[in-house]
2 protein chains.
Amino acid sequence: MSPGHIHVPTDCRTVTEILSRVGDKWSVQVVVQLGEGSRRFNELRRSVTGISQRMLTLTLRGLERDGLVTRTVYPTIPPRVDYQLTGLGCSLLKTVRGLGEWAIVNRDEILDARRRFDEGAADQEVHQQRPDAA
Amino acid sequence: MSPGHIHVPTDCRTVTEILSRVGDKWSVQVVVQLGEGSRRFNELRRSVTGISQRMLTLTLRGLERDGLVTRTVYPTIPPRVDYQLTGLGCSLLKTVRGLGEWAIVNRDEILDARRRFDEGAADQEVHQQRPDAA
DNA sequence: CGGGATCCCCCAGGATACTG
DNA sequence: CAGTATCCTGGGGGATCCCG
């Protein structure tokens, strides 16, 4: 490891890539679910509200590809497939939790800022709309 | 604040929303740049490689809306607009840095896992392709 | 049950041109 | 310089059907 800052552009691209995985619509939610323990496909489907089976498959494949979850197939009838976080996956979960806590803590402040901003934007529109019912 | 776990579904949606902001293609990069100090529009445009002026505008508006950056207009000619992180923005930056460090630390492990996974997938394809030149 | 294959829609986001 | 407005395309992602 080189000391000091880590400003190499190569790392930046990698970091951005990882971040996009975190920001993707489903990955984090799946990881959180798996944080509670090993889960089957349809168990995940039910607990991650709103996900389609297609996206669940793709999400799991992506996580498996990056070594964040393992996929275990039991060749029974009916088939059974278990997904489980790897050590890497667990460590990611821990890190992401930091972000989650930040979000919860600052939730209200963000919502307030948002409301103020939107009210200001509404004021601007008065000059464009007919200020009838004002 | 209720003690213990914070598993309320309402919070989940908020957290997901924040996460998507973090995972979005440009927000984090802009925030990182602003972490070095106040910047003008075109300064940002140059330092955030690949961003279009349209997306920079949209990204900055979003960040401003959430109270993460401030926008200061100097009505000079030519106009000058400075963007700067708020306290909220700084705290987000700090939290995101945790994720960035995770990404750097685990970069190689992920890349390795990815390579192994892709090789395995390539093996499967042999059964579907004509093993001619094999 | 746990997916793969297909179709299709929507919109994030790039390119370009214009304005104050 | 710092945007706004418009057009246009790629692919993210839902719905549906099928298969071992």
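Computed from a prediction, not measured in an experiment: that's the story for all the values here. Residue numbering restarts at 1 for every chain, and letters A, B, ... go by the order of the sequence lines.
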Rounded to whole Å, the CG-P distance (A/N42 to C/dG2) equals 4 Å

Close approaches to DNA chain D from residues 68-75 of chain B, in residue order (heavy atom, under 4.0 Å)
B/R71

B/S/- along nucleotides 10-18 of chain D (protein heavy atoms under 4.0 Å) is ---BBBBB-

Angle by which the axis turns from one end of the helix from C/dC1-D/dG20 to C/dG20-D/dC1 to the other, five pairs per end, to 10 degrees:
40°

Presence of A/R61 side-chain N/O under 4.0 Å of C/dG4 phosphate oxygens OP1/OP2:
yes

I'd like to check the side chain to side chain contact (heavy atoms under 4.5 Å, CB included) partners of B/S38; sequence neighbours left out, ordered by chain and number.
B/D82, B/Q84

Let me know the distance between CG of B/L60 and C1' of D/dC1, rounded to the nearest Å.
14 Å

Who pairs with A/D24 by salt bridge (charged side-chain N to carboxylate O under 4.0 Å, His left out), at least two apart in sequence or on another chain?
none

Distance in angstrom units between A/D82 CG and C/dG3 P, rounded:
10 Å

I want to check one thing: is the phosphate of C/dC1, taken as OP1 and OP2, less than 4.0 Å away from some side-chain N or O of A/R40?
no

Sequence neighbours left out, what passes side chain to side chain contact (heavy atoms under 4.5 Å, CB included) with A/Q53? Give chain and number order.
A/F41, A/R45

Sorted by chain and residue number, the salt bridge (charged side-chain N to carboxylate O under 4.0 Å, His left out) partners of B/R65 (sequence neighbours excluded) come out as A/D118

On a heavy-atom basis, which atom in A/G89 and which in A/V31 lie closest, and how many Å separate them?
O-CG1, 4.3 Å

Could you tell me which residues satisfy side chain to side chain contact (heavy atoms under 4.5 Å, CB included) with B/E64, sequence neighbours excluded, listed by chain and number?
A/F117, B/R61, B/V69, B/R71

The side chain to side chain donor-acceptor pair (under 3.5 Å) partners of A/W102 (sequence neighbours excluded) come to A/N106, B/S91

When you check the phosphate oxygens OP1 and OP2 of D/dG3, does a side-chain N or O of B/Y83 lie under 4.0 Å from one of them?
yes

Side chain to side chain contact (heavy atoms under 4.5 Å, CB included) with B/V32: which residues, sequence neighbours excluded?
B/V28, B/L93

Mind checking what makes salt bridge (charged side-chain N to carboxylate O under 4.0 Å, His left out) contact with B/R115, not counting sequence neighbours?
B/D112

Rounded to whole Å, CG of B/L56 lies from C1' of C/dG13 at a distance of 13 Å

Go through the structure and list residues passing salt bridge (charged side-chain N to carboxylate O under 4.0 Å, His left out) with A/E109, not counting sequence neighbours.
none

d(B/L92 CG, A/I110 CD1) to nearest 0.5 Å is 7.5 Å

